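Below is one structure, written out as structure tokens; the observations come after it.
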Amino acid sequence: MEFLSKIGAVVQRILKEEFQLEVDSKSLLFNETRKEFDGDYTLVLFPFLKTTRKNPQELGKLIGDTVVQEIEFVQSYNIIKGFLNFEFHVSFWLDILKQLDDNGSFSLPNNGNKVLVEFSSPNTNKPLHLGHVRNILLGWACSNILSAAGYEVVKTQIINDRGIAICKSMLAWQKFGAGATPQSEAMKADHFVGHYYVLFEKKFKEEYSNWQSSEEGGTVYQNLRKEDQSEEAFFKSYKNKYFNDYSALGAEAKSMLLKWEQNDVDVRALWSKMNNWVYQGFEETYKNLGVTFDSIYYESDTYTLGKDIIQEGLSNGVFYKKEDGSVWIDLEDVGMDHKLVLRSDGTSVYMTQDIGTARKRYEDTQANGMVYTVADEQDYHFKALFETLKKLEEPYCEGLHHLSYGMVDLPTGKMKSREGTVVDADDLLKEVIQEAKNNAVERGEIESISEDERQKIYQLIGKAALNFFILKVNPKKRMVFNPAESVDMQGTTGPYVQNAYVRIQSIKRKAGEMDLSKRMEYSDPEPIELDIIKKLNGFLSTLQIAADQYDPSIMASYCYELAKLYHKFYSDIRILGATEESAKAFRIALGNSVARTLQEGFRLIGIEMPNRM
RNA sequence: GGACCAGUAGCUCAGCUGGAUAGAGCAACACACUUCUAAUGUGUAGGUCCCAGGUUCGAAUCCUGGCUGGUUCACCA
């Protein structure tokens with residue numbers, strides 16, 4: 001805040017002139033004065049007491065007197081213990097509000113950086129679930145926040161469209177589908193494909209179970225079991241081995257994968273057909289979540305990338321080759337291990353592709369930064385990837401960030417797709433919207449508007465509840481998703497914030513066309529009104545912090561706090577019923593400013609405002 | 001075993017680049033709608049900030065060591 005550095009400069013000068021004490025502006029911390037004391041901002045004097053050999057009263061008086069004398073907007077000061085509280089003129093805050101109204105901006109100037117934000121990045125064998133929802137909302141909100149903070153942003157995703165998982169769906173459809181289509185079954189297309197993935201797992205499980213009681217299975221168990229290992233525990237741990245070495249279904253799926261890699265025409269056609277169904281379904285979910293992408297990368301295109309860079313790195317000593325032909329990078333100097341970048345048979349690993357994809361994206365966009373929205377189980381991988389890209393001296397290597405987020409747990413424990421405890425993204429959206437509708441119908445505020453508009457409002461409210469519930473939590477924290485609480489619309493929720501906005505709209509409608517110029521005559525604001533102005537003034541610095549930390553929860557909290565102040569203001573103070581015309585005009589103008597700020601803050605975290613609710 | 005992340009009210013979370021008496025919401029209880037949308041506001045109650053040391057005028061915040069939960073350390077992705 002500019003005005004604080006003005007005070008800071010005076011303090012610095014005094015400390016230097018009087019005590020030969022050089023203090024840099026960073027160590028001069030001004031805090032907002034706590035509610036229970038008089039003042040706007042507080043300078044903590046303790047750090048200077050020893051070196052100046054003054055007590056707080058003396059030092060505070062010296063600084064306070066000078067600041068009040070030299071800085072026109074500081075009206076007075078008081079000293080409590082080691083805290084020097086500055087009180088500003090009321091007119092200063094009224095001017096701030098006017099400036100925000102006249103040429104206030106909700107974004108920061110372009111900073112010359114271009115950043116690519118990757119999020120969502122699903123597999124194509126099943127529909128999106130709650131885990132994806134957190135990923136998508138985080139990535140989307142971060143994109144908006146970075147964009148408002150002055151970055152040029154490219155939103156992208158990489159779709160994992162190949163591999164054994166999609167082959168399982170394909171195989172199950174081929175064997176058991178009898179030519180069914182999403183249309184013929186009237187199913188959302190990605191759910192249709194997911195159904196066959198589940199069917200495959202079911203048939204495989206049956207097959208495995210039969211094998212376990214067969215002679216062959218029994219022999220394997222007797223020969224390979226560890227001591228004290230129960231039959232159940234053994235077969236649980238043996239599942240992968242069985243899939244690869246014994247299973248007929250496993251063999252078929254693997255053969256399909258092989259054919260895919262050999263570009264078999266029929267398999268490729270089937271693959272395209274099923275992936276396209278999934279994409280149709282995803283598109284619908286993205287639309288309902290309100291997110292879009294600027295570009296899409298497919299793993300089937302990118303999985304071959306990176307090998308040439310490995311050669312490059314070998315020749316200039318970034319990588320080294322072992323006797324068996326495998327290629328590695330030594331990351332011990334940054335506290336990590338040696339990491340494989342190419343297998344001994346010359347095929348790629350995850351790391352290889354990611355190195356190649358990063359460079360391709362740089363070539364495609366010239367972005368000097370990349371943000372990867374990926375769950376925190378991959379922290380180590382991304383650390384290794386970024387260090388590798390640094391050693392390769394890639395031009396964008398200083399702008400890499402892993403937007404790491406914690407898993408989403410249910411109150412009953414972890415989500416496990418195998419145990420059917422996942423929360424489906426589409427179901428979730430439906431539920432919150434239905435809950436919004438139930439509430440709205442009960443309240444009856446919007447009975448008079450058209451059915452179409454009502455539906456639209458239910459959606460906005462339901463989505464607000466869901467988005468806010470997920471985004472209010474710091475990304476890196478593991479979060480508990482309680483379905484009952486996620487549809488809550490009271491307290492620290494999206495609808496609570498929307499409600500503040502709606503109240504303002506309602507007042508504007510009632511006020512009609514009004515000349516607000518009289519607000520300039522309003523000179524004696526209530527404390528709550530000043531609190532609101534201070535909060536409004538904090539929007540841009542909040543945006544900056546949220547962008548620096550890649551953390552939408554900071555913006556979500558800000559909006560909640562502003563809405564909370566407005567709700568209190570609304571209940572304590574007459575707006576349309578104000579006795580003075582100037583007060584009425586001022587309060588309407590203040591409301592307008594709050595509404596715009598809430599709307600913009602919520603837009604950044606992917607939530608739209610209704611005009612009624 | 002090494003590394004990383006988390007641990008704050010019954011529950012869900014803020015606060016963490018050190019500052020005044022640790023804050024919200026939910027749940028509980030009590031109040032406030034003839035008055036601008038009560039999806040609101042007010043109040044009561046609720047705390048060993050995981051534990052133990054250390055640094056400091058001052059520690060939920062920083063350091064060290066533990067404890068608990070999670071993740072990771074694959075020629076898997």
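Letters A, B, ... are given to chains in the order of the sequence lines, protein chains preceding strands, and every chain is numbered from 1. Nothing here was measured: the structure is a model prediction, and the numbers come from that model.
- The phosphate of B:A14 (OP1 or OP2) has a side-chain N or O of A:Lys477 nearer than 4.0 angstrom.
- Pair assignment for B:G46 gives none, since no Watson-Crick or G-U wobble pairing has each distance under 3.5 Å.
- Using a 4.0 Å heavy-atom distance criterion, A:Lys50 is classed as a sugar-phosphate-only contact.
- Proximity of A:Tyr380 to the phosphate of B:A77: no side-chain N or O atom is located under 4.0 Å from OP1 or OP2.
- More than 12 heavy atoms of other residues, nucleotides or ligands sit less than 6.0 Å from atom NZ of A:Lys254.
- In this structure, A:Asn474 atom CG and B:C16 atom P are separated by 11 Å, rounded to whole Å.
- Of the residues listed (A:Asn78, A:Asp38, A:Asp40, A:Asn31), the one engaging A:Asn85 in a side chain to side chain donor-acceptor pair (under 3.5 Å) is A:Asn78, and it is the only one.
- Atom-to-atom, NZ of A:Lys476 to C1' of B:A14 comes out at 13 Å; the value is rounded to the nearest Å.
- Within the structure, every side-chain polar atom (N or O) of A:Arg503 is placed at least 4.0 Å from both OP1 and OP2 of B:C36.
- Taking each heavy atom of A:Gly39 and A:Lys534 in turn, the nearest pair found is O-NZ, 4.5 Å.
- The distance from atom NE2 of A:His402 to atom P of B:A3 is 21 Å, rounded to the nearest whole Å.
- The aromatic ring centroids of A:Phe481 and A:Phe469 lie less than 6.0 Å from each other.
- You'll find that the side chain of A:Lys568 is closest to B:U42, out of B:A20, B:C5, B:U42.
- On a pure distance criterion of 3.5 Å, no polar donor-acceptor pair joins the side chain of A:Asp488 and the base of B:A27.
- Nucleic acid contact for A:Val502: base, since at least one base atom lies under 4.0 Å from a heavy atom of the residue.
- A 3.5 Å limit on both hydrogen-bonding distances identifies B:G10 as the Watson-Crick or G-U partner of B:C26.
- B:G65 is paired with B:C51 under the criterion used here, namely a Watson-Crick or G-U wobble arrangement in which both key atom distances are under 3.5 Å.
- Contact annotation for A:Asn55: no contact, since no heavy-atom pair falls under 4.0 Å across all strands.
- Distances shown here put every side-chain N or O of A:Lys383 at or beyond 4.0 Å from the OP1 or OP2 atom of B:U71.
- Nucleic acid contact class of A:Glu299 (heavy atoms, under 4.0 Å, all strands): sugar-phosphate only.
- Base engagement by A:Phe46 is indicated by at least one non-hydrogen atom pair under 4.0 Å involving a base atom.
- Base contact: A:Phe83 has a heavy atom under 4.0 Å from a base atom.
- Among the atoms of the strands shown, base atoms are found under 4.0 Å from some heavy atom of A:Thr42.
- B:C16 makes up no base pair with any nucleotide shown, lacking Watson-Crick or G-U wobble contacts both under 3.5 Å.
- Put simply, the side chain of A:Thr492 and the base of B:A14 share no donor and acceptor less than 3.5 Å apart.
- Between A:Tyr197 and A:Phe200, the gap from one ring centroid to the other reaches at least 6.0 Å.
- The aromatic ring centres of A:His381 and A:Tyr350 sit less than 6.0 Å apart.
- Base contact: A:Ile573 has a heavy atom under 4.0 Å from a base atom.
- Residue A:His338 contributes atom NE2, which lies 15 Å from atom C1' of B:G2 at whole-angstrom precision.
- Looking at the side chain of A:Gln490, the nearest of the listed nucleotides B:A77, B:A14, B:U40 is B:U40.
- Checking the phosphate oxygens (OP1, OP2) of B:C76, a side-chain nitrogen or oxygen of A:Arg343 falls inside 4.0 Å.
- What separates CD1 of A:Ile545 from P of B:G15 is a distance of 11 Å, to the nearest Å.
- Ring centroids of A:Phe46 and A:Phe83 are separated by less than 6.0 Å, placing the two rings close together.
- Using a 4.0 Å heavy-atom distance criterion, A:Val44 is classed as a base contact.
- Distances were taken from every side-chain heavy atom of A:Tyr570 (C-beta onward) to each of B:A14, B:A20, B:C36; the shortest belongs to B:C36.
- Residue A:Asn482 is classed as having no contact, given no heavy-atom separation below 4.0 Å to the nucleic acid.
- The six-membered or imidazole ring of A:Tyr297 lies away from that of A:Tyr303, with a centre-to-centre distance of 6.0 Å or more.
- A:Tyr560 comes within 4.0 angstrom of the backbone, heavy atoms only, and of no base.
- Residue-level contact check: A:Ile461 touches the bases, meaning some heavy atom is under 4.0 Å from a base atom.
- When heavy atoms are screened at a 4.0 angstrom cut-off, A:Met407 is found touching no nucleic acid atom at all.
- Atom CZ in A:Arg478 sits roughly 13 Å away from atom C1' in B:U72 (whole-Å rounding).
- The side chain of A:Arg34 places no N or O atom within less than 4.0 Å of a non-bridging phosphate oxygen (OP1 or OP2) of B:G19.
- As a whole-Å value, the separation of A:Asp354 CG from B:A77 P is 11 Å.
- At a threshold of 4.0 angstrom between heavy atoms, the contacts of A:Glu377 are confined to the sugar-phosphate backbone, with no base atom among them.
- Each of B:C4, B:U40, B:A77 was ranked by its minimum atom distance to the side chain of A:Gln378; first place goes to B:A77.
- Partner assigned to B:C4 is B:G70, using Watson-Crick or G-U wobble distances below 3.5 angstrom.
- Ring centers of A:Phe386 and A:His402: at least 6.0 Å apart, outside the cut-off.
- Distance check on atom C1': B:U42 versus B:U48 gives 31 Å, rounded to whole Å.
- As rounded to whole Å, 9 Å separates atom C1' of B:G2 from atom CG of A:Asp337.
- The side chain of A:Lys564 contributes an N or O atom lying less than 4.0 Å from OP1 or OP2 of B:G25.
- Judged by Watson-Crick or G-U wobble contacts below 3.5 Å, the nucleotide B:G41 has B:C31 as its partner.
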